[in-house]
A.B. asks: 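Mind looking over this structure? Questions follow.
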Number of protein chains: 4
Amino acid sequence: MARPSRKEILQDFRTRSLLEATRKTLANEGFEAVTMERVAQEAGIAKGGIYLYFRNKDQMIFTALEEIASEMTQEIDTRVDPGARPWERLCQVVSAQLDSMERHKDVLRTLLLIRWHMGNSRQRKKWQRLLKYRTRHLERIRAILDEGLRANIFRLLDTAAGAFYINEMAIGTAQRRMMGLSGSSLEADRRSLIEFIKPLVLDQKTLST
Amino acid sequence: MARPSRKEILQDFRTRSLLEATRKTLANEGFEAVTMERVAQEAGIAKGGIYLYFRNKDQMIFTALEEIASEMTQEIDTRVDPGARPWERLCQVVSAQLDSMERHKDVLRTLLLIRWHMGNSRQRKKWQRLLKYRTRHLERIRAILDEGLRANIFRLLDTAAGAFYINEMAIGTAQRRMMGLSGSSLEADRRSLIEFIKPLVLDQKTLST
Amino acid sequence: MARPSRKEILQDFRTRSLLEATRKTLANEGFEAVTMERVAQEAGIAKGGIYLYFRNKDQMIFTALEEIASEMTQEIDTRVDPGARPWERLCQVVSAQLDSMERHKDVLRTLLLIRWHMGNSRQRKKWQRLLKYRTRHLERIRAILDEGLRANIFRLLDTAAGAFYINEMAIGTAQRRMMGLSGSSLEADRRSLIEFIKPLVLDQKTLST
Amino acid sequence: MARPSRKEILQDFRTRSLLEATRKTLANEGFEAVTMERVAQEAGIAKGGIYLYFRNKDQMIFTALEEIASEMTQEIDTRVDPGARPWERLCQVVSAQLDSMERHKDVLRTLLLIRWHMGNSRQRKKWQRLLKYRTRHLERIRAILDEGLRANIFRLLDTAAGAFYINEMAIGTAQRRMMGLSGSSLEADRRSLIEFIKPLVLDQKTLST
DNA sequence: CATGAATGAGGCTTCATTCAT
DNA sequence: GATGAATGAAGCCTCATTCAT
C-alpha cells in the first residue's frame, strides 16, 4: 500500500484542523458564527487557504456535519452487543444514542438543522447525503424489532414505524436536554424513555433494564 | 363596541400582508431568504414601511411564527370534544395535531427552528415566548393521560413523559412528511402513530379508532 | 392695531411649541437627536404639520437658534446700566454674558456650532444671518472700550480687536464649563476673566469689581 | 532595524489614502459629508476595504483628527526656541499656533467640533482622548508664563487661567479667519493678538516683537 | 387645515470569494 | 502552494419629506 506522501499528510492535517475548527465554532457559537475568517483563524490557516481543501463554505460545513454523524453512528455500533437478546440490544441502542447525542450536544443542534433544510426543495440536494446515517440507524433499530417479533418477544407492530418512533423519541429527548428544558439527569431521561417503550415486550416479567 | 375605523382596517391589512409575505417567504425559500426588501416587495409596501408595523426584522418573524403557533393551537382545540372519553380525546388531539401540521407544513419547518435557536444561549430569550404554545400543548395531552390513568383505562405511566413522547412522535411524523420521506398518506401515518401508542390502553378490546 | 385673529393665535402657539420642542431636544440630547418625528411629538403636533410652520428642518433649527441668540442678547442688554462708568459697564457685560451662556449652556453648544458651519462655504449662507447677534455684541463691547479710551481710563488699544478677544475669552470660558472641564464656580470663572483683562485699565487703584 | 516590508508599505499607503480622503472630505464638505462610500471612493478603495484599516467610521474620523492634532502640536514644538526668554517664547508659541491653525484651517473646523461633542455626555468618552493635545498645549503656555513670573518679567497672574485665555484668543482668531470674517492678513492678526497680551509684561521698554 | 402613513434614498457594516504576490 | 488584502453584493435600519384622506 502506498505510504502517504509528505504532501498528503499535510493536506490531511489541514483538512482535519479546518473541520475541527468548524465543529468547535458550530458548537460554541452556533451556525451564524461560522465565518470563513473565523474558522481559518481557529485552524491556523489563511482564509484563502480553505478553498484549497473545500469547494466552498457549504461543503465545509457539510463535511463537518457528516463527520459527526459518522462518529455518532460508530459510537452506537461499539456499544451494541450483537450477542445480546433483542430487548437488551434495543436498550443498548437507545442508551448509546442518548449518550452519543449528549456528548455531541453542542453540534447536534446544527446536525438536526438539516431536517429543516430538507424541507426546502432548493437546498434538499445539498444535504441529502446526510440522510444516509439516519437511514442506517433506523434500520439498525428495525432489525432488532424484527428479530424480537420473530422470536415472539415483542408485541405485534409495524417495525419500520416502530423504529421511526423510537428514534424520534430519542432525538426529542436529546433536543429537550439541549434546550435546557429537561430538568432530569441523562440517566433519568434514559430510564423514562425505556419505560415508555417497555409495553412493546409481551412478557414483561422477563425484563431487565 | 367601536367599529374599526377606516385607518384601523388599513393598518390591519398592511400588517396582514407583511405577515403573509413573511410566512410565504419563510415557507418557500427558508429562513435566510427572509429579507426586509423582499418581504416589503411581496407585501407591496416600501422597504421602510415595514418599520411602521414591526420594530425590526426579528420581531416581524417572531410575530409571524407566533401567529402560526397560535393558529395551530386553536385548530387543535376546535377538534377536541371535551365530552369524549380519554382515549378518544387522545386520538383527536393527535389527529388534529397531524392535520394542523400538515396544513402548515411549509412554515412548520421554521417554527421548529426555534428548537434550534433555543440551543443558542445568546438567542434563547428572543424565542422563549414561543415555548408557551408547546407547553400548553403538552399539558393538554398530559391532562388526557391523567384522566385516563385515574379512570384506570391507561396503563400506569409517567404522564408528563408520556405527553412529551407522544408530541415528539407527532412532530417527527410531520417532519418526515415535510422532508418528503414518508411515502404514506397522512391518514396512514395517523393510524400508524395511534397504533403505536395503543398499548397505553389496558383493555384493548374496548378500543375504537 | 389689528387684534390677532383666532387663526393667527393658533399659528403662533404652534410655532412656539415647535421651537420649544426643538430647543429642548437640542439641549437634552444634542443635534443628532433632533428628528422631525421627535420634535413633532414633543410639541404635540403631527409630523407633517411642521411643514406648515417651517419650510424644512434646517429652517426650524435656524429659527430656534436665532431665538436663543436673540434672548441672550436681550438678557445682556437688561443687565447693563447705561449710566455706569466704562470699566463697570465692561464688567457688567462680561458677567451678563457668562450668566446668559450658563443659563443656555445646553443649547449654547449648538449655537456655537454655527461657527463650524460658517467654515463650510456651502452652508455659509444658511447660517450667516445668525452672525448679526455676534456683531451686535462685539459692537456693544467695543463701544465701551472706545468710551474708556476717550476718557483716558483704558490703556491704548485697538478697540475692535479688544472686543473680539474679550468675547472669545468669555465664550471659551462658557465652553469649558459646558465641557465639564472648568472645576471652578461660575463666579470664580467670572472673577478670573475680569482679573485677566484688568490691565486694560490704566490706573488700577480706582477699580471696583 | 527591520526595513518595512512591501506589505507594510502598502498598508501604510492605504491607511494614508484613507486618512487623507477623510481629512479632505471633512475639510471641503463638512462632517456630515463623510461617508464610508465617499471616503472609499476618494481613496480609491472598495467600500468594504476601509474596515481592514479602521474598526468603524468613528475610529477612522477619530484617527484623522488625532493625526491633525498631533501634527499641529509638533509644528508648534519645532518653532519654539527653548533657549529664548519667556516673552519671546510666548510670542513664538502664539505665532506658531496661528500659523499651524492657518495651515490646517480646513480641518481645524472639525477638530474644534470636539468641543461640541464633549458637551454631549453620550459622546464624551469617544472624543475625550483628543483633549490630550489641548492639555499639552495649555501646559506649554503655562510653563512659559510660570517662568516669566518667577523671573519677575510678567505681571502677577494666575498662569493656568492666563494660558487658557491666550489659547482661546488664538483659537478665536483662527476661527474668525476660517469664517472669512477677519479681513486682515495673518501677520496682522498675529500682531494684534500679541499686542493685546503685551500688558502681561511689566517693563514694556524691553520688548521686541 | 391637520394628520401620519408611506416613501425611498442613503448610511453603516459583514462576509464569501477571488487573486496578485 | 499559501497568503490575506481587496472586492462588492447584500443586509438592516433611519428619517426628511410628501400626499391622500
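A, B, ... follow the sequence lines: proteins, then strands. Residue 1 opens every chain.
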A.B. asks: Base, sugar-phosphate, or nothing: which does D/I45 touch, judged by heavy atoms less than 4.0 Å apart?
C.D. replies: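 Sugar-phosphate contact only - D/I45 comes under 4.0 Å of backbone atoms but never of a base.
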A.B. asks: For the pair A/L131 and B/M179, evaluate side chain to side chain contact (heavy atoms under 4.5 Å, CB included) and give the outcome as yes or no after the intermediate values.
C.D. replies: CA-CA 10 Å; A/L131 286 178; B/M179 290 161 74; 3.8 Å; yes
A.B. asks: Does D/L65 form a side chain to side chain contact (heavy atoms under 4.5 Å, CB included) with D/L26? I'd like the steps, not just the answer.
C.D. replies: CA-CA 10 Å; D/L65 292 181; D/L26 227 32; 4.1 Å; yes
A.B. asks: Does some side-chain heavy atom of B/L52 sit less than 4.5 Å from a side-chain heavy atom of B/R14?
C.D. replies: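 No, every pair of side-chain atoms sits at 4.5 Å or beyond.
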A.B. asks: Around atom CZ of B/R16, are there more than 12 heavy atoms from other residues, nucleotides or ligands closer than 6.0 Å?
C.D. replies: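 Counting other residues, nucleotides and ligands, CZ of B/R16 exceeds 12 neighbours.
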A.B. asks: Reckon B/V39 touches a base, only the sugar-phosphate, or nothing at all at heavy-atom distances under 4.0 Å?
C.D. replies: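 Result for B/V39 = nothing.
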A.B. asks: Judged by each residue's nearest nucleotide on DNA chain F, which is more toward the 5′ side, D/G44 or B/N56?
C.D. replies: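 Closest to the 5' end, via its nearest nucleotide, is D/G44.
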A.B. asks: Take atom CD of C/E42 and atom C1' of E/dG4, then tell me their distance rounded to the nearest Å.
C.D. replies: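 Value for this atom pair: 18 Å.
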A.B. asks: Within a reach of under 6.0 Å around CD of C/Q59, are more than 12 heavy atoms found that belong to other residues, nucleotides or ligands?
C.D. replies: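 More than 12 heavy atoms, drawn from other residues, nucleotides or ligands, come within 6.0 Å of this atom.
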A.B. asks: Does B/T35 place a side-chain N or O at less than 4.0 Å from the phosphate oxygens OP1/OP2 of F/dG11?
C.D. replies: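 Indeed, a polar side-chain atom of B/T35 lies that close.
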A.B. asks: Rounding to a whole Å, what distance do you find between C/M60:CE and F/dC15:C1'?
C.D. replies: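 Answer to the nearest Å: 13 Å.
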A.B. asks: Check every atom of E/dT7, E/dT17, F/dG11 against the side chain of B/K57 and return the nucleotide holding the closest atom.
C.D. replies: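 Taking heavy atoms from C-beta onward, the closest nucleotide is F/dG11.
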A.B. asks: Classify A/R14 by what it touches in the nucleic acid, base, sugar-phosphate, or nothing, heavy-atom distance under 4.0 Å.
C.D. replies: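 Result for A/R14 = sugar-phosphate.
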A.B. asks: Rounded to the nearest angstrom, tell me the gap between atom CZ in A/R55 and atom P in E/dT18.
C.D. replies: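 From A/R55 CZ to E/dT18 P: 12 Å.
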A.B. asks: Taking CD1 from D/I50 and P from F/dT7, how many angstroms apart are they, rounded to a whole number?
C.D. replies: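 After rounding, the gap between these two atoms is 11 Å.
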A.B. asks: On DNA chain F, does the nearest nucleotide to B/D58 precede the nearest nucleotide to A/A46 from the 5' side, or the other way round? Give the residue.
C.D. replies: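 Its nucleotide being nearer the 5' end, the pick is A/A46.
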A.B. asks: Are OP1 or OP2 of E/dC19 and a side-chain N or O of A/Y51 less than 4.0 angstrom apart?
C.D. replies: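 No, A/Y51 has no side-chain N/O under 4.0 Å of OP1/OP2 on E/dC19.
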A.B. asks: Is the side chain of B/K126 donor-acceptor paired with the backbone N or O of B/F62 at a distance under 3.5 Å, no angle test?
C.D. replies: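 No, because the side chain of B/K126 does not come within donor-acceptor range (under 3.5 Å) of the backbone of B/F62.
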A.B. asks: With a cut-off of less than 4.0 Å, is there a side-chain N or O of D/Q11 near OP1 or OP2 of F/dG4?
C.D. replies: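 No, D/Q11 has no side-chain N/O under 4.0 Å of OP1/OP2 on F/dG4.
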A.B. asks: Which whole-number value in Å describes the distance from D/L52 CG to E/dT13 P?
C.D. replies: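 Going from D/L52 (CG) to E/dT13 (P), I get 14 Å.
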A.B. asks: Just to be sure I understand the rule, does B/F54 reach a base, reach only the sugar-phosphate, or reach nothing, if contact means heavy atoms closer than 4.0 Å?
C.D. replies: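 Nothing: the residue B/F54, judged by heavy atoms under 4.0 Å, touches no strand.
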A.B. asks: Starting at atom OH of C/Y53, determine the distance to atom P of F/dT17, rounded to an integer number of angstrom.
C.D. replies: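 Roughly 18 Å, once rounded to whole Å.
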A.B. asks: Inspect the contact between C/K24 and C/E20 and indicate whether a charged nitrogen and a carboxylate oxygen are less than 4.0 angstrom apart.
C.D. replies: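 Looking at C/K24 together with C/E20, the answer is no, because their closest N to O distance does not fall below 4.0 Å.
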A.B. asks: Let me know, please, whether B/L10 or D/G48 comes out on the 5' side of the other along DNA chain E by nearest nucleotide.
C.D. replies: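 Nearest nucleotide further toward 5': that of B/L10.
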A.B. asks: For C/M36 and F/dA16, give me the distance from atom CE to atom P, rounded to whole Å.
C.D. replies: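 Those two atoms, CE and P, are 7 Å apart.
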A.B. asks: Between A/L19 and A/F54, does a side chain to side chain contact (heavy atoms under 4.5 Å, CB included) hold up when you go through it step by step?
C.D. replies: CA-CA 10 Å; A/L19 289 176; A/F54 298 102; 3.7 Å; yes
A.B. asks: Rounded to the Å, how far apart are B/F13 CZ and E/dA5 C1'?
C.D. replies: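 Between C1' of E/dA5 and CZ of B/F13: 15 Å.
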A.B. asks: Could you work out how much the helix from E/dA2-F/dT21 to E/dT21-F/dA2 bends, comparing the axis of its first five pairs with that of its last five, to 10°?
C.D. replies: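 For the helix from E/dA2-F/dT21 to E/dT21-F/dA2, the axes at opposite ends meet at about 10°.
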A.B. asks: Quiz question: going by heavy-atom distance under 3.5 Å, is there a donor-acceptor pair between the base of E/dG10 and the side chain of B/K47?
C.D. replies: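 When only heavy-atom distances are counted, B/K47 does reach the base of E/dG10 through a donor-acceptor pair under 3.5 Å.
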